[in-house]
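These numbers come from a predicted model, not from an experiment. Here, residue 1 is the first one in the sequence, and each next residue gets the next number.
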Amino acid sequence: MTTLNSFLKSLFPFKGYKPYVLKLETELTIGLKSRRITGTCPKCGKLCSNIECEYQRHIRDLDLAELKCYVRFNQKKIRCKCGFRGLERLDFVDNYARVTIRLAVKVAKDCEEATLKEVARRYRLDWKTVKEIDREHIKTLLPQIDNLEIRRLAMDEIAIMKGHKYFTIIRDYDTGVAIKILFGRGYEETANALSSLGKDKLAKIKFISLDMWDPYIKATKECCPNAQLVFDKFHVVKKINEALDAVRKKEFAKATNEERIDMKHKRWIILKKENNLNKEQKESLAEIMKNNNRLYKAYLLKEQILSIFDDKTSTFEKICERIMYWFKNILSNELDEFNAVSKTMQNYLYGILNYFRYGMTNAIAEGFNTKINVLKRRAFGYRDIEYFTLKIYQSSLRRLA
C-alpha cells in the first residue's frame, strides 16, 4: 500500500493534497484529499483559516495508460484578513478551468503547430475547450511586447477576407515582432493604435518603413514626430510593374492574331528582371520587343528604375540624378501608363529617397504575411477575429525565442 501511495504521489504531485484511486473503469478518476484545513489567499499569499464553504471540482488531467484521467477534489472559499473573499489559490489548476495546468500547457504547445480540431482529437477534448486554453496561453505571452525597446517600425497591410477587409500590422523592424494588429487601414484606427504605445515610446522611434498610403502617412507624422518615413521599395516597384503590365495589355488588345500568339503566356517574362531570365526566356523576350516598340520602351523604363534601386555603389547625389533623368525619360517616351507612376513617385519622393539613405524595406513583412496566410489556410479561415489576431501575435513572438 505504501508503494502505491508513493506511486500515486509521484504521478499527482499536487501540493496540499493526497491522491487516491476513486474510480477505475473505462476512465480513471483520482480523488484528492486535502492535507490541511487552511486555504492559501491568492491576494496576500498567506494561509487563511476562515473557510466559508467548499466546492467540489471534477476536472480533466493528463491521460494515464491511454485512459482518460480526471481529478476530483474540494476547493475552499475563504475570507482573508487582507480583505480577499473567494476561492483559494491552487498550484495545479486555475479557477473555473476545465483542465489542470499541466494539461493546458501541453495543449497550448501543440496548438502552435496543429489545428484546433487535431489537438482536440489528440487529447480527446472539445475543440472549444482547446481554443480557450490556447487563447488564454497566448494572452500570457503579450506582456513581452511591452518590454521591447523600439527604435524602428514597419507598417504593412494584409487582406484577411473577401470584400477588401484588411489587417494593419505594425511591427518592431529590428525583431520582427508584431506590436499592434488592427482591423482596417484607415487613419483613425492607425493613429489610435500608435497612440496606445505611449508618448515616451513614440518619441524614441526614429524610422518607419511603410507603403505610400496617405492614412498611414498622416497617422505616423502626427504620432511619431521624430521619425523619418521610408517608403517601401517593393511597393514602388509594384506600381511600376503595374504600369508596364497596363502597356502590355493595351498592346495585346490591338495586336494581330500572329502577334498575340507570340505574346501569349509571356506576362511573367516581361515583368521579371532581365538578370533573372534564362537564355530561352531572354530570346523569347527579345522577339516580343523587336516587334513592339511601345512595349519595348516601357520595358526599358522598368529595367532602368530597377537598376537604380539595385545600385549599391553610387553616391546619394548620383542616385538623385539618375531618378530625375528617369522622370525625363518618361516624358520623352510619351507613355501615359507611366505618367501616373511618375506623378506618384514625385509626390512621395522624400520617402523614396530615404530608402537610399537608410536602406529599410518591408521585405521581412512579406515573409511574415506568408506565415499569416498559412495560419488562415491551416484553420480554413478564422471567424473569431480576436483569436486570429492572437495567433498572429504568437507567430511573431517566436522571433524572441
Side-chain angles (χ1 to χ4, degrees), residues 1-2 4-23 27-64 68-111 123 125-126 128-148 196 198 200 384 386-387 389-390 393-394 397 400:
M1 183 63 70
T2 304
L4 177 59
N5 287 338
S6 299
F7 180 63
L8 286 175
K9 189 176 180 180
S10 67
L11 291 176
F12 303 93
F14 302 143
K15 187 177 179 180
Y17 286 89
K18 178 183 178 181
Y20 61 94
V21 177
L22 186 63
K23 181 181 177 184
E27 298 174 348
L28 172 64
T29 301
I30 297 295
L32 299 176
K33 184 178 180 181
S34 180
R35 296 176 181 273
R36 59 195 184 195
I37 59 173
T38 58
T40 303
C41 176
K43 184 177 179 181
C44 66
K46 296 180 180 180
L47 294 177
C48 175
S49 59
N50 188 357
I51 312 299
E52 291 191 349
C53 61
E54 294 186 358
Y55 296 99
Q56 187 179 86
R57 296 185 64 182
H58 185 80
I59 65 170
R60 182 74 182 281
D61 193 22
L62 292 170
D63 289 352
L64 189 63
K68 275 188 176 182
C69 183
Y70 295 86
V71 290
R72 186 178 295 172
F73 59 94
N74 289 337
Q75 187 173 12
K76 303 176 183 67
K77 183 179 179 181
I78 62 174
R79 186 191 290 270
C80 186
K81 292 179 180 179
C82 71
F84 174 81
R85 181 173 180 245
L87 295 175
E88 65 175 322
R89 185 184 70 203
L90 300 175
D91 64 348
F92 62 93
V93 65
D94 292 325
N95 290 343
Y96 314 111
R98 298 182 180 183
V99 301
T100 59
I101 289 175
R102 63 182 183 180
L103 175 55
V105 169
K106 288 185 70 67
V107 167
K109 186 176 180 180
D110 284 9
C111 283
Y123 291 96
L125 291 167
D126 186 273
K128 293 178 183 177
T129 301
V130 172
K131 178 180 174 181
E132 289 310 308
I133 291 171
D134 193 32
R135 187 198 299 271
E136 294 307 312
H137 167 70
I138 298 172
K139 286 180 179 179
T140 65
L141 305 177
L142 297 184
Q144 295 179 56
I145 296 172
D146 297 330
N147 298 328
L148 292 173
S196 67
D200 290 341
D384 187 335
E386 186 212 11
Y387 181 56
T389 303
L390 289 171
Y393 278 124
Q394 182 184 37
L397 280 166
L400 297 179

Test: salt bridge (Lys or Arg N to Asp or Glu O under 4.0 Å). Region: residues 39-54. Which pairs qualify, not counting sequence neighbours?
Glu52-Lys77, Glu52-Arg79, Glu52-Arg85

CG on Asn74 to SG on Cys53, rounded to 0.5 Å:
10.5 Å

Quick one: SG on Cys69 to CZ on Phe12, what's the gap to the nearest 0.5 Å?
4.0 Å

Are any non-hydrogen side-chain atoms of Pro42 and Phe84 less than 4.5 angstrom apart?
yes

Can you name the nearest heavy-atom pair linking Cys48 to Ile51, along with the distance?
O-CD1, 3.7 Å

Going by side chain to side chain donor-acceptor pair (under 3.5 Å), name the residues that satisfy it together with Thr38, two or more places apart in sequence or in a different chain.
none

Please table the atom pairs, donor to acceptor, closer than 3.5 Å between any side-chain atom in residues 88-96 and protein atoms at least two apart or in another chain.
residue: Glu88; atom: OE2; partner: Lys76; partner atom: N; Å: 2.9
residue: Asn95; atom: OD1; partner: Gln75; partner atom: NE2; Å: 2.9

Just jot down the salt bridge (charged side-chain N to carboxylate O under 4.0 Å, His left out) partners of Glu27, sequence neighbours excluded, or say none.
none

Side chain to side chain contact (heavy atoms under 4.5 Å, CB included) filter on Val21, not counting sequence neighbours, yields Leu8, Leu24, Leu28, Ile30

Could you tell me which residues satisfy salt bridge (charged side-chain N to carboxylate O under 4.0 Å, His left out) with Arg98, sequence neighbours excluded, listed by chain and number?
none

Partners passing side chain to side chain donor-acceptor pair (under 3.5 Å) against Tyr70 (at least two apart in sequence or in another chain):
none

According to side chain to side chain contact (heavy atoms under 4.5 Å, CB included), who are the partners of Leu22, at least two apart in sequence or on a separate chain?
Tyr20, Thr29, Arg72

Which ring pair (Phe, Tyr, Trp, His ring centres under 6.0 Å) pairs, counting each pair once, include a residue from residues 33-57, with sequence neighbours left out?
none

Measuring only between side-chain heavy atoms, which start at C-beta, is Arg102 closer than 4.5 Å to Pro13?
yes

Any chance you could measure Cys111, atom SG, to Ile138, atom CD1, to the nearest 0.5 Å?
8.0 Å

Atom of Ala97, atom of Ile59 and distance for their closest heavy-atom approach
O-CG2, 3.7 Å

Please determine whether a side-chain nitrogen of the Lys or Arg among Asp63 and Lys68 lies less than 4.0 Å from a carboxylate oxygen of the Asp or Glu.
no

If we check side chain to side chain contact (heavy atoms under 4.5 Å, CB included) with Val99, which of these qualifies: Val130, Val107, Ile133?
Ile133

Would you please name every residue forming a side chain to side chain donor-acceptor pair (under 3.5 Å) with Glu386, sequence neighbours left out?
Arg135

Tyr393 side chain reached by Leu141 side chain, heavy atoms, under 4.5 Å:
no

Rounded to the nearest 0.5 Å, what's the gap from SG on Cys41 to CG on Asn50? Could you check?
11.5 Å

Suppose the criterion is salt bridge (Lys or Arg N to Asp or Glu O under 4.0 Å): which pairs have a residue in residues 9-23, not counting sequence neighbours?
none

In Å, rounded to the nearest 0.5 Å, how long is the span from CD of Glu132 to CG of Leu125?
13.0 Å

Identify, with sequence neighbours excluded, every residue that meets side chain to side chain donor-acceptor pair (under 3.5 Å) alongside Thr129.
none

Beyond-backbone contact of Leu11 with Leu62, side-chain heavy atoms, under 4.5 angstrom
no

Ion pair Asp384/Lys131, N-O distance below 4.0 Å:
yes

Can you confirm whether Thr100 sits close enough to Arg60 that some side-chain heavy atom of one is under 4.5 Å from a side-chain heavy atom of the other?
no

Neighbour count >12 (heavy atoms, 6.0 Å) for atom NZ, Lys106
no

I'd like to know whether Thr40 forms a side-chain contact (heavy atoms from CB on, under 4.5 Å) with Leu47, so could you lay out the CA-CA distance, the side-chain angles of the two residues, the decisive distance to 0.1 Å, and finally the verdict.
CA-CA 5 Å; Thr40 303; Leu47 294 177; 3.5 Å; yes

Less than 4.5 Å apart, side chain to side chain, heavy atoms only: is that true for Val71 and Tyr17?
no

Flag the pair Asp134 / Gln394 as yes when at least one side-chain heavy-atom distance between them is below 4.5 Å, and no otherwise.
yes

